[in-house]
Amino acid sequence: MSKRPRIAIIGGGSSGLTAIKECLDSDFEPICFEECSDIGGLWRFVDVDENENKDPHSSVYRSTIINTCSEKMTFSDYPIPPEWPTYMHNSRVLKYFRTYAEHFNLLSHIKFNASILKASILPDKRWNLQYTIRGEKAKEEIFDYVMVCTGHHRYHRWPKYKGMDVFKGEQMHSHFYRTPNPFQNKRVMVVGVGNSGIDISVELSHFASQVYLSVRRGTLPWIFPRIVNGTPFDHLRNRFHRFVPVSYFNKRAVKLIKQCIGEHPPGLEPDSPIFSSHPTVKSDFFERLVTGTIIVKPNIKELKSENKQVEFVDESILEDIDYIIYATGYNINFPFLDKEIVSGGEEVGEEFDPEYRENLVWLYKMVFPPKFENIAFIGLAQPIGPIFPVAEMQCRYVTSLIKGLIKPLPSLNEMNKSIRERLQGIRGTFYSSARHTIQTNFGAYLDELSRDIGCYPSSFQIIRKYGFQFWKIFYFGVETPIIYRLFGRNSWDGAHDAILLYNKIDPKTGKSLSNRNNKGIIKPWLFLLLGIVLYLNRTYVWGYLEKYNLDSYIRFPVGRD
């Protein structure tokens, strides 16, 4: 490679922007190809226009609110302002991306209205990109490395039901939903109970004459609130909880959810453990069920032409269904690449059932295809948490690898073994579904990559540089990816103060900025001792707390109300 590698970045959304930024930090030459006329990707609201924009890249609707708190979803060296809303509207998320791009001068490195036609690996392991700028002839360029940042919410997946071709009502995918106005006083069936299906159902229940929700698996998922007793749900889990047995934490989460938003209706209780599927967040869903504005139905058996009928697997029938909205997810697809690059090929696919194989991703560290060099996939993961810091950490890993600052990738056999073990872990945790092929644990995955990169903040480093008080915040405070800028390459001097502000602590005085009464906070050295004791006796301690129902009285002192 040349002294200054040329990096092709495909996609100008959240993953593409942080890829440009990390490449610039590493003194590379990034060129980003963005198919649309602006940045933002999924988070740039675009209306559906039958004449000019029938199938927009973005799928966010007018009212979309992000499901993860700002402290957790922020990029690590450009914090979302602490005074911004904890859970942001899509327009605010886009504003954050714009300020990020302007602050780090990223826009000049983007070719807008650029569609990639084909990306092909050359004999010397470089990549040839064929692309076209809207209104111009096709061009070709050679790059040392390719970073694919187009995400996995572009190619909508439709279910297959008998009679879809003869049904007289309107049928659409949730990808095209924008506002509830067209559904005023209509009878609407929503299919799917992920975040889009639940969210759209609740919104439509205020406008449609009746909303029906078809549950394909026969039961509702676990529904999570955004706020629990005035505290963001994301803030209830901190790094200390990694020492807590998973079974105990899961039981505690179930108890909190039931206290906050209520019990599932009889017969619709989840048939799988909490966190065995991607979380669905909607605090007021059960309220709409109680009012009858949403009625839950089982999976569809057949659509019929007569009277716009829908028959279900329990043989019940509904008539006069004006609209069916399929909130059934997306297919992972990169039309400019050979499919085997991301899927691992037919031989690998034969190990898995057909539905799982449909979206199979065969990537080492969820980034690198073992058989193909000098290409990385960024943001092709679905963490239980925000994707933005995950994409950022993946970019830091890739740029460190290109610069030779970390160990090179292992042998083909070792990478395949690692991928197989990761997929086995996913399948052992989440129920088998095309939507769960790229699941990952947010915190554990960031820790894994940061250790490889050399930016993981150990307790010893934190205590030595910042003292026990900050160590206490690190373990018991609001979890934020800014911690990965405290040490290592491309550390950030402002990380310490930013973490304090996210925990409502004045960096200058060390005093709390919240109204909480902090009298009686345990001394830092006692926290250290407590942590060691609890870890060594974790099975006995958590069992005792649960047995006598003492867990509900525990509330850690650091964190935002």
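We number each residue from 1, following the sequence as shown.
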Aromatic contact, Phe104 with Tyr100 (centres under 6.0 Å):
yes
Does the ring centre of Phe97 sit less than 6.0 Å away from the ring centre of Phe388?
yes
To the closest 0.5 Å, what do you measure between CG (Asn333) and CZ (Arg157)?
12.0 Å
Please check if the side chain of Thr68 supplies one atom and the backbone of Gly385 the other of a donor-acceptor pair under 3.5 Å.
no
Selection residues 173-199 - residue pairs positive for ring-ring contact (aromatic ring centres under 6.0 Å, His included), sequence neighbours left out
Tyr61-Tyr177, His156-His173, His156-His175, His156-Phe176, Trp158-His173, His173-Tyr330, His175-Tyr330, Tyr177-Phe183, Phe183-Tyr323
Roughly how far apart are Met189 CE and Ser214 OG, rounded to 0.5 Å?
6.0 Å
With a 6.0 Å cut-off on the ring centroids, do Phe240 and Tyr475 count as close?
no
Sequence neighbours excluded - salt bridge (charged side-chain N to carboxylate O under 4.0 Å, His left out) pairs with any residue from residues 58-68
none
Name all pairs fulfilling the salt bridge (charged side-chain N to carboxylate O under 4.0 Å, His left out) condition that reach into residues 178-197, sequence neighbours left out, sorted by first residue then second.
none
Have a look at His235 and tell me which of Glu71, Lys72, Glu479 forms a side chain to side chain donor-acceptor pair (under 3.5 Å) with it.
Glu71
Taking atom CD as the centre, does Gln184 end up with more than 12 heavy-atom neighbours from other residues, nucleotides or ligands that are less than 6.0 angstrom away?
yes
Are the side chains of Val281 and Phe233 in touch, meaning some heavy atoms are under 4.5 Å apart?
no
For Arg422, the side-chain hydrogen bond (donor to acceptor under 3.5 Å, both in side chains) test, sequence neighbours excluded, returns Glu448
Once you round to the nearest 0.5 Å, how far does OG of Ser15 lie from CD1 of Ile387?
6.0 Å
Partners meeting side-chain hydrogen bond (donor to acceptor under 3.5 Å, both in side chains) with Gln210 (sequence neighbours left out)
none
Going by distance alone, is a donor N or O of one side chain under 3.5 Å from an acceptor N or O of the other, for Tyr445 and Gln394?
yes
Point-to-point distance, once rounded to the nearest 0.5 Å, from CD1 of Ile384 to CG of Asn67
12.5 Å
Salt bridge (Lys or Arg N to Asp or Glu O under 4.0 Å) partners for Lys95, two or more places apart:
none
Heavy-atom side-chain contact between Tyr326 and Pro159 under 4.5 Å:
yes
Roughly how far, to the nearest 0.5 Å, is CG of Leu446 from CD of Glu392?
9.0 Å
Just to verify, what does Lys297 make a side-chain contact (heavy atoms from CB on, under 4.5 Å) with, not counting sequence neighbours?
Tyr212, Ile295, Phe312, Ser316, Leu318
Using the salt bridge (charged side-chain N to carboxylate O under 4.0 Å, His left out) rule, collect all pairs that involve residues 224-235, keeping only residues at least two apart or in two chains.
none
Should Glu203 and Asp199 count as side-chain neighbours, where that means a heavy-atom distance under 4.5 Å?
no
Hits for side-chain hydrogen bond (donor to acceptor under 3.5 Å, both in side chains) against Glu170, two or more places apart or cross-chain, chain-then-number order -> none
Under 3.5 Å donor-acceptor, Thr74 side chain and Ser70 backbone:
no
Salt bridge (Lys or Arg N to Asp or Glu O under 4.0 Å) partners for Asp314, two or more places apart
none
If you look only at distance, which donor and acceptor atoms sit under 3.5 Å apart when one is on a side chain in residues 38-48 and the other is two or more places apart or in another chain?
residue : atom : partner : partner atom : Å
Asp38   : OD1  : Arg98   : NH1          : 3.1
Asp38   : OD2  : Arg98   : NH1          : 3.1
Asp38   : OD2  : Arg98   : NH2          : 2.7

side-chain hydrogen bond (donor to acceptor under 3.5 Å, both in side chains) partners of Thr328, counting only residues at least two apart:
none
